[in-house]
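Below, each value reflects all heavy atoms present in this structure, side chains not excepted, and no hydrogens, waters or symmetry copies. Chain identifiers are assigned alphabetically (A, B, ...) following the order of the sequence lines, protein sequences preceding nucleic acid strands; residue numbering begins at 1 within each chain.
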Amino acid sequence: MSENEKQESVHFIKEIVNDDLASGKNDGRVATRFPPEPNGYLHIGHAKSICLNFGLAAEYGGTCNLRFDDTNPSTEDVEYVESIMQDVRWLGFDWEDRLHYASDYFEDLYRFAVGLIEKGKAYVDSQSDEEIAAQRGDFYHKGKESPHRDRPARESLDLFGRMRAGEFEDGEHVLRAKIDMSSGNMNMRDPIMYRIRHAAHHRTGDEWCIYPMYDFAHGESDAIEKITHSICTLEFEGHRPLYDWYVREIGFDQPPRQIEFARLNLTYTVLSKRKLLQLVDEDLVQGWDDPRMPSISGLRRRGYTPESIRAFCDRIGVAKRDNVVDVSLLEHCLREHLNDTSPRAMGVLRPLKVVIENFPEDEVIWFDCPNHPEDPSMGTRKVPLSREILVERDDFREEAPKKWFRLSPDREVRLRYACLITCRDFVKDDSGEVVELRCTWDPDSRGGSAPDGRKVRGTLHWVSAAHAVPATVRLYDRLFLQENPMEAEDFKSTINPDSLEVLEGCRVEPSLAGTEAGSRCQFERLGYFCTDAKDSRGDALVFNRTASLRDTWAKIEKKMRSGSTSAPSSSRGS
RNA sequence: UCGGGGAUCGUCUAACGGCAGGACGGAGGAUUCUGGUUCCUCUAAUCUAGGUUCGAAUCCUAGUCCCCGAGCCA
């Protein structure tokens, strides 16, 4: 153990693993699994589980399987298994040859069930679901035993066989474990092991018409795969006694151990498959991979990096208490990685024309601009300056507020990496809107600094009007206005109406022409962007804003405004 | 009225009977050709009440509050 390095925290699951290793349990093996049900897309909450399971295996030199928990054919689909595999891979994890499906074990599971019937530990119940539900009792009252509970094993075996053979309709019979109808734990009140479902399964087709329930399939699949630590979320805590019961009664020798941790919650975010599906189905977003979605595919399309998501999962920790992580931590991890890795470029979102009056008509100066101010190894690119340029509309104010060091009449600013210009005049259109600035440049300031060493506080991004490339830019903001959308009467009522703003007519520097879809850059002073994986083409660029840069000026201005007037500003943007 | 789990800065997370620490956020400052980055400083917590102990976030007792559980979902 190194003493001076930042000590990685040992969360409670690692403690358990350490203890098991120390006591020689499982022959020193560590085997985990990530067990998604293929009935939806993965989201950032799943990423926590993926990082935990694969991370643990990697850290201890063990293995982590990918296993689809596909025991319910009516909700599952191959569309989901494909997206899940893509997402896990994208996050940076590899299950190698350990791809499994619970459905691969249907035959084993059936055999186990027969064994339990023979042992007198399971029976076929032939009541309706209403009757069974009524007999189960509630939290305060014990359940009643089914009239079929003591049906001879022979009879159950026969019925179970005919259930499999397809002799019955859905719901006519179920297979139940014979445990304890008076248990305080509802899961132990003779839980259902198998139900009849005449439905095509995405992998086994029509081979089966009975399907095992989660409880009967999950632990057994773990045991078959020789999983040592079966990690799941807190809501399965009450299932653990049942998990252990099945594994014990079937008689596995090195039974896996189920360990529960608290699932991730994020502020201003909804992380329930059902709610996310609702957003998609009701067209409140444009699909599962809408860049505003917390789905892995949405984050990917938004421009998130796998590294930043992994870093986030490392930092949030693993514990058992309910938690709501501030989404700003996710954004912090994102910016941290993007700052290091994104090449810089200049793009103007809302262009304002600037004429540099004393700049020769036909001259073009090509400046070598560093692609990253702190990392020379990222090289340089050429950026042209000519007489007419475009700057950000927001960077000019007819009347400069306090602490303003951008453009305003008679103010001198720097064009990043190019030169110093001073605003001499401005032109308004009939509606009173400023449409053009008249400036002069200091020819001795080529490169961006004046020979006399005078300080110029403001530095602006810019593009040469004649050379700039047109682009569409999509500005994304958080999808929900309320910190916990689930606390709203209806979570949809707190959807941010301005979560997407599409800007046409943006202009970016010519080095970006032909940029392939999905590549990332930082537009200086604005934020991190990526070309949209679906809609961007080399000759028709579409940028998604992944994250804005921290905006200290916005903060200052907000403070000044709220200090002088009573109007609170609502500047947001991530 | 039952069973299971959990309570530490605003948020997330450490501590394993011995100085309550880190990160995010927030506030302030330094540096800066991005009002970015970086750096520095500050901010702020042990659910309550008793007990054990030289010493308690940690152990004991009693409360309080929160989460999960009555699908032929996972």
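Nucleic acid contact for A:Glu374: base, since at least one base atom lies under 4.0 Å from a heavy atom of the residue. Among the protein residues, A:Asp129 comes within range of the nucleic acid bases, having at least one heavy atom under 4.0 Å from a base atom. Among the atoms of the strands shown, base atoms are found under 4.0 Å from some heavy atom of A:Phe236. Across all strands, A:Met213 comes closer than 4.0 Å only to sugar-phosphate atoms, never to a base (heavy-atom distances). Contact annotation for A:Pro241: no contact, since no heavy-atom pair falls under 4.0 Å across all strands.
With distances taken from any side-chain atom of A:Arg197 to the nucleotides B:C72, B:U13, B:C68, the minimum falls on B:C72. Taking every side-chain heavy atom of A:Arg136 into account, B:A70 is the closest of B:A70, B:A23, B:U37. Checking B:U34, B:G35, B:C72 against every side-chain atom of A:Glu524, the shortest atom distance belongs to B:U34. Nearest to the side-chain atoms of A:Thr552 among the listed nucleotides B:G35, B:C72, B:G5 stands B:G35. The nucleotide whose nearest atom lies closest to any side-chain atom of A:Glu237 is, among B:G5, B:A74, B:U34, B:G5. Side-chain atoms of A:Arg315 lie closest to B:A23 of the nucleotides B:G35, B:U11, B:A23. Relative to the side chain of A:Lys320, the nucleotides B:G35, B:C68, B:G6 differ in distance, and B:G6 lies closest. Among the nucleotides B:U13, B:C24, B:U37, the one closest to any side-chain atom of A:Ser328 is B:C24. For A:Lys559, the side-chain atoms get nearest to B:G28 when compared with the rest of B:G28, B:U34, B:G35.
Here, B:U43 and B:G22 have their P atoms 11 Å apart, quoted to the whole Å. Distance noted for atom P between B:C59 and B:A14: 15 Å (whole Å). For the C1' atoms, the distance linking B:G29 with B:G63 amounts to 48 Å, nearest Å. Using atom P as the reference point in both B:C65 and B:U1, the two lie 12 Å apart (nearest Å). B:A45 and B:G10 have their P atoms separated by 7 Å, given to the nearest Å. The separation of B:U8 from B:U46, taken at their P atoms, amounts to 10 Å, rounded to a whole angstrom. Only the C1' atoms considered, B:G51 is 33 Å distant from B:C12, to the nearest whole Å. Spacing between B:C54 and B:G21 at atom C1', rounded to whole Å, works out to 25 Å.
The cationic atom of A:Arg197 (NZ for Lys, CZ for Arg) does not lie both less than 6.0 Å from the six-membered ring centre of A:Tyr211 and within 45° of the ring axis.
For B:G71, the O4'-C1' to base torsion is within 90° of 0; the nucleotide is therefore syn.
A:Phe523 and A:Phe529 have tilted rings, their planes meeting at an angle from 30° to 60° on a 0 to 90° scale. Between A:Trp208 and A:Tyr110, the two ring planes are tilted [angle within 30° to 60°].
In terms of phosphate contacts, A:Arg414 brings no side-chain nitrogen or oxygen within less than 4.0 Å of OP1 or OP2 of B:G35. Put simply, A:Arg67 has no side-chain N or O that comes within less than 4.0 Å of OP1 or OP2 on B:A74. In terms of phosphate contacts, A:Lys555 brings a side-chain nitrogen or oxygen within less than 4.0 Å of OP1 or OP2 of B:G26. OP1 or OP2 of B:C24 lies within a sub-4.0 Å distance of a side-chain N or O belonging to A:His332. Distances shown here put a side-chain N or O of A:Arg321 below 4.0 Å from the OP1 or OP2 atom of B:A7.
Nucleotide B:G50 forms a pair with B:C60, judged by Watson-Crick or G-U wobble geometry with both contacts under 3.5 Å. In this structure B:A14 sits in no base pair that meets the Watson-Crick or G-U test at under 3.5 Å. Pair check for B:G69 finds B:C2; Watson-Crick or G-U wobble, both atom distances under 3.5 Å. Under the Watson-Crick or G-U wobble criterion, with both distances below 3.5 Å, B:C42 is paired with B:G26.
One donor-acceptor pair, N or O on each side, does fall under 3.5 Å between the base of B:C16 and the side chain of A:Glu15.
In this structure, A:His201 has its ring center closer than 6.0 angstrom to the ring center of A:Phe106. Ring centroid separation for the pair A:Tyr214 and A:Phe236 comes in under the 6.0 Å cut-off.
For B:C2, the base is not stacked against the aromatic ring of A:Tyr140, per a cut-off of 5.5 Å between centres and 30° between planes. By the 5.5 angstrom centroid cut-off and the 30-degree plane limit, A:Phe139 is classified as not stacked against the base of B:A70.
The side-chain hydrogen bond (donor to acceptor under 3.5 Å, both in side chains) test with A:Tyr105 is passed by exactly one of A:Arg67, A:Glu220, A:Glu225: A:Glu225.
In this structure, CZ of A:Phe261 is placed 15 Å from C1' of B:G5, rounded to the nearest angstrom.
Applying the 6.0 Å contact sphere to NZ of A:Lys142 captures no more than 12 heavy atoms from other residues, nucleotides or ligands.
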